[in-house]
Amino acid sequence: MDYDFRAIEATWQRKWKETEAYKVTEDSERPKFYVLDMFPYPSGAGLHVGHPLGYIASDVFARYKRHKGYNVLHPMGYDSFGLPAEQYAIQTGQHPAITTEENINRYRDQLEQLGFCYDWSREVRTSDPSYYRWTQWIFGELFESWYDTQAQRARPISELESAFSENGNFNVHPACHEQWWQGLSFPHFGAHFDGSFTATDWDSMNMAERQELLMCFRIAYLADSEVNWCPALGTVLANDEVKDGLSERGGHPVVKKTMRQWMMRITAYADRLLNSLDHLEWTDSVKEAQRHWIGRSEGASVRFAVANRDGQPDPSGAEVEVFTTRPDTLHGVAFMVLAPEHTLVESLTTEACRADVDAYIEAAGMKSERDRQGDKSISGVFTGGQVIHPLTGALVPVWIADYVLAGYGTGAIMAVPAGDERDWRFAKHFDLPIPAIFEGVDTNEAACTDKNATLCNSGEWNGLRAVDALSRAIEWVETHGCGARKRNYRIRDAVFSRQRYWGEPFPIMYEGGIPKRITDATVTLPQVDAYLPTEDGEPPLARASREDWPVFRGDAMETNTMPGWAGSSWYFLRYMDPHNNVTFCDREKSDYWGQVDLYVGGAEHTTGHLLYSRFWTKFLCDRGYIGFDEPFKSMINQGMILGRSNFVYRIQGTNTFVTASQRKDHHTQRLHVDINLVENDKLDLEGFRAWRTEFADADFILEDDGTYICGHEVEKMSKSKYNVQTPDDLVERYGADTLRCYEMFLGPLTQHKPWDTQGISGVHNFLRKIHRLYTGDNADLPEKSSEEALRIVHKAIAKVTDDLDRHAFNTVVSALMIAVNDLGALNTNLGRDALQPLAVLLSPYAPHLAEELWAASKGPGSVLDATWPEALQSYLTEDQITYPVSFNGKVRFQLALSASLSAQEVEASVRQDERTAAQLAGKDIRKVIVVPGRIVNVVA
RNA sequence: GCGGGUGUGGUGAAAUUGGUAGACACGCCAGACUUAGGAUCUGGUGCUUCGGCGUGGGGGUUCGAGUCCCUCCACCCGCACCA
């Protein structure tokens, strides 16, 4: 009987649906296991063969864990807010919800035909109001929380209000900007305010003033901030959405702009986000990328008093504060450099220098972020101003230059040309002094960044190695009141507002200009007449009138929407309790399912998604809504599947195509040819002529055997290269089981690899062969199999189990092929005791066929719930071992010996063997090394 | 520049703690059955001057190295004036 994969797959998919075979519920009797895929954005193009790779691996693992007795949660959903649907809406006027729905349906069809074991009853869509009402709720909680830097956790804002009314801000340490009070609009805080206020101050404030003050401490807060504005997209972007000064999506230019935006105080979590990385089972590269993104560095802040014209401290008390990781090089400071945007530039600049400084600032402002990043040439101007060195009292000239970034540290540096390469280049370029501070190092030739160098010309630190002077230097600045030990971070608070339509609306209204949380309703998207920003640059939602809003409270609604990462930061929690309309996820359920045990997805989300969901998870944990503070315990990043393009070679100016091997004899033009017209690099000539009218009368110069061989190359899959392979075609031709096995067989999951359809027939053949084992000519089913058959099966059990445990998905297929080949070669009837375990081993990879074979071998119930077989040691141990015997490391002959022999006995047998004497050719044996069960090496 | 990774047959790749390098599969070659199907089955297939040589190059440790150490090279990914 043939392997009729179409009938088999259709039958079992229907049965599974009928029996709700993949539905899971909490079950305290069984251990849980949570396997999660990064959910897709449902794009209009549908899936190509690269997309399901990770899904297949996670599906295999989920099924394996189910066989192992775990209660497995394995859900799927859609990250369905996003730009493409919105841009399609802008072009066509069609509501993005319609586009999104269509795309989801297509995805769902494609996913279903692959036979994944998703519990579809748990599907989530981030753009569904029943989902995003809880995204809004989490935002609301973030809005109503502050971060206690002493307790290192988020707390309700009401507790901060209580603290203020009891003691002002004296015994409370909320995370906030260093000079959070700057920019407050009300009179309590004058020019000399230092950030402290009393309970009386607080009590004297009115509601609006209190709200304005509290806004400085909320975890989700409104602030004027310099943002990445993308004029082409009409929206702001987060730092990780900007690559090389261009938008990640669309590649449009991005400029800096100050706007009032919702922000997320992720910086409060910087240390925890960094520290808990150590316990995650993620790749080093992802963890390193996160560490770098957070960018913690240790050092000191040092303040330099601004000098007046006479070289005395300026009466205003103004100071330039810098952050440095090398306070030990303080004696080497030759000049200061401020970012052009630094607030003190204006007052430091002398009249004589003003024209140059203004010109430089203007030029820097004109440059886009991209230009500024790309331009590594040295530029800068002297301001004319000076500051006073806190250690030596010397006057230090102040420059501005755009290699100093306004957004990092304090936007100002102390330049130590002897110890820093950029400072050194700057000094050389402008012919500034390079004070020598390292013993025996000529810093006129290059900067010295070696921390083991010995200091000189450094007062009381002379003779110390730089590393050792570090802590002395920090102590010194601290005791002299001109600085402090400091940790600095690269990570910024995240901008959370987007000027888009197709995103979560904020649950925020304004009353008298004061933002307030809406808790009594879900704020759904209003209808608008166009999906573009308004004429005066307001977000698309501002087009909606009061009546257009399904929910409208207060004087005005917030018209920004949330960024793409909002919904994806917590979706793994919603799967646990997807239909709850009382809370985002019942605590009992999240306690049961807990962390995602295995997360599978591409590595392209290393900074954005992973960082943000870790942040939200920690927050929800702080507030007691869930019981764990890291979302993804272990993670596998699958590699990209590349396309294999085929080419034909047209002789210039003709319609004649020459086969690959002879193309060098002609002047040819290489053209992509649709891979569907090519098999094993041989072109289907008729198909090619029919492909396009221009090729209808094409001539060919062929190989000797009359075939046309195409050229090939591995490239990214894309429509324009005609190398896109959709799963649909392959499922149609070979079946889902074959495709699943083949994608796993292709190579290590984490590696990038070219897609090559040639190999799929081998895997398909394997499934046919295994099918034949169960439906052979004399298909009567004995209870017992032969000893030999059981040895083969148990060897496979051991290998497959071991490989799955270490996520070696590709070698499992090989192991099964070996077992099937060996069993086929036995040419004997197999019994249930061999066929049933074999069906279970197959089931994670080829679930449809496994069900069929399970039934054929009279297995009880569904194979899905069959217990994973255990490899019995008695079948694994051999009683004879064939030892390769090597002489000086070169294998010369084989020697079969009883497995029970000791090492000494093995050695004796080797010494006695006549072939040994022949190999020695008279030489003496110096040593014999016996590795029991493996090899014998004779050293002569 | 910094961080992470990868280099093994014609191709995708195996080799988990150092122990017969190339399993499994594709492709290719030969044969069988067929009579022109890209079907099926069987056998062969790293290179070789048949001594050997072979895991990017060079060196080292070891009885023994794809695997460990040092060094160099190539390619891929991420970050990038981060003080």
Side-chain angles (χ1 to χ4, degrees), chain A residues 243-244 283-289 291-293 295-297 299 322-326 329 337 339 372-378 401-405 407-416 419-423 425-426 488-491 603-604 606-607 637 639-640 644 679-682 684 707 712 714 742 745-748 750-763 765-766 768 799 802-803 805-806 808 810-818 820-821 882-894 926-940:
Chain A
K243 302 264 183 260
D244 300 326
T283 62
D284 288 340
S285 93
V286 174
K287 289 206 250 185
E288 275 305 313
R291 286 190 190 106
H292 182 254
W293 191 259
R296 179 164 80 190
S297 54
V322 301
F323 171 73
T324 177
T325 56
R326 296 293 303 278
T329 62
V337 188
R372 232 167 119 167
Q373 279 176 4
D375 183 11
K376 310 255 169 172
S377 64
I378 298 161
D402 62 8
Y403 81 90
V404 175
L405 307 174
Y408 182 79
T410 60
I413 62 153
M414 58 179 222
V416 182
D420 182 279
E421 276 172 33
R422 289 151 311 175
D423 297 348
R425 286 199 304 269
F426 195 82
N488 195 49
Y489 298 89
R490 200 183 89 106
I491 194 171
E604 64 273 16
T606 32
T607 39
N637 303 114
M640 208 199 322
R644 189 176 190 280
E679 179 129 355
N680 295 355
D681 289 334
K682 285 181 192 143
D684 168 5
T707 58
H712 61 89
V714 170
Y742 185 54
F745 183 68
L746 219 49
T750 54
Q751 225 166 272
H752 289 200
K753 52 212 163 244
W755 179 258
D756 178 0
T757 331
Q758 288 182 21
I760 200 167
S761 62
V763 173
N765 245 338
F766 149 69
R768 288 176 44 205
K799 172 74 174 156
D802 195 48
D803 283 357
D805 283 334
R806 60 193 178 90
N810 52 329
T811 47
V812 170
V813 182
S814 306
L816 291 172
M817 285 174 171
I818 292 168
V820 168
N821 289 345
T882 303
Y883 280 95
V885 180
S886 60
F887 290 79
N888 296 328
K890 304 214 184 304
V891 176
R892 293 306 182 199
F893 61 86
Q894 308 283 324
R926 296 219 324 259
K927 201 161 147 196
V928 176
I929 288 138
V930 176
V931 186
R934 290 247 183 214
I935 197 172
V936 179
N937 191 20
V938 180
V939 188

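Naming convention: chains lettered A, B, ... in sequence-line order (proteins, then strands); numbering from 1 in each chain.
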Of the candidate nucleotides B/rA25, B/rC81, B/rU20, which contains the atom at the shortest distance from the side chain of A/Met817? B/rA25

Among B/rC26, B/rC24, B/rA80, which nucleotide has an atom closest to any side-chain atom of A/Arg490? B/rA80

Below 30° counts as parallel, above 60° as perpendicular, anything between as tilted: where do the rings of A/Tyr408 and A/Phe323 land? perpendicular

Would you mind telling me which of B/rA83, B/rC24, B/rG19 lies closest to the side-chain atoms of A/Phe323? B/rA83

So A/Asp420, base contact, sugar-phosphate only, or nothing? Heavy-atom distance under 4.0 Å. nothing

Which nucleotide in B/rC24, B/rU20, B/rC63 has an atom nearest any side-chain atom of A/Ser814: B/rC24

Check whether any side-chain N or O of A/Gln751 sits under 4.0 Å from OP1 or OP2 of B/rA13, and answer yes or no. yes

With a sphere of 6.0 Å drawn around CZ of A/Arg806, does it hold more than 12 non-hydrogen atoms of other residues, nucleotides or ligands? yes

Any side-chain donor near an acceptor of the partner, A/Tyr403 and A/Asp423, under 3.5 Å: yes

What's the closest nucleotide to the A/Asn821 side chain, out of B/rU16, B/rA25, B/rU40? B/rA25

Check this one for me: any side-chain N or O of A/Asn637 less than 4.0 Å away from OP1 or OP2 of B/rG5? no

Does B/rG64 have its OP1 or OP2 closer than 4.0 Å to a side-chain nitrogen or oxygen of A/Arg934? no

Would you say B/rA14 has OP1 or OP2 under 4.0 Å from some side-chain N or O of A/Asn810? yes

Check every atom of B/rA83, B/rG27, B/rU40 against the side chain of A/Arg768 and return the nucleotide holding the closest atom. B/rU40

Quick check on B/rC63: is either OP1 or OP2 less than 4.0 Å from any side-chain nitrogen or oxygen of A/Lys927? yes

Which nucleotide wins on minimum distance to the side chain of A/Val931, given the candidates B/rU40, B/rG19, B/rG12? B/rG19

Could you tell me how far apart A/Arg296 (CZ) and B/rC79 (C1') are, to the nearest whole angstrom? 19 Å

Select one nucleotide: of B/rC63, B/rA13, B/rU20, the one nearest the side-chain heavy atoms of A/Pro748. B/rA13

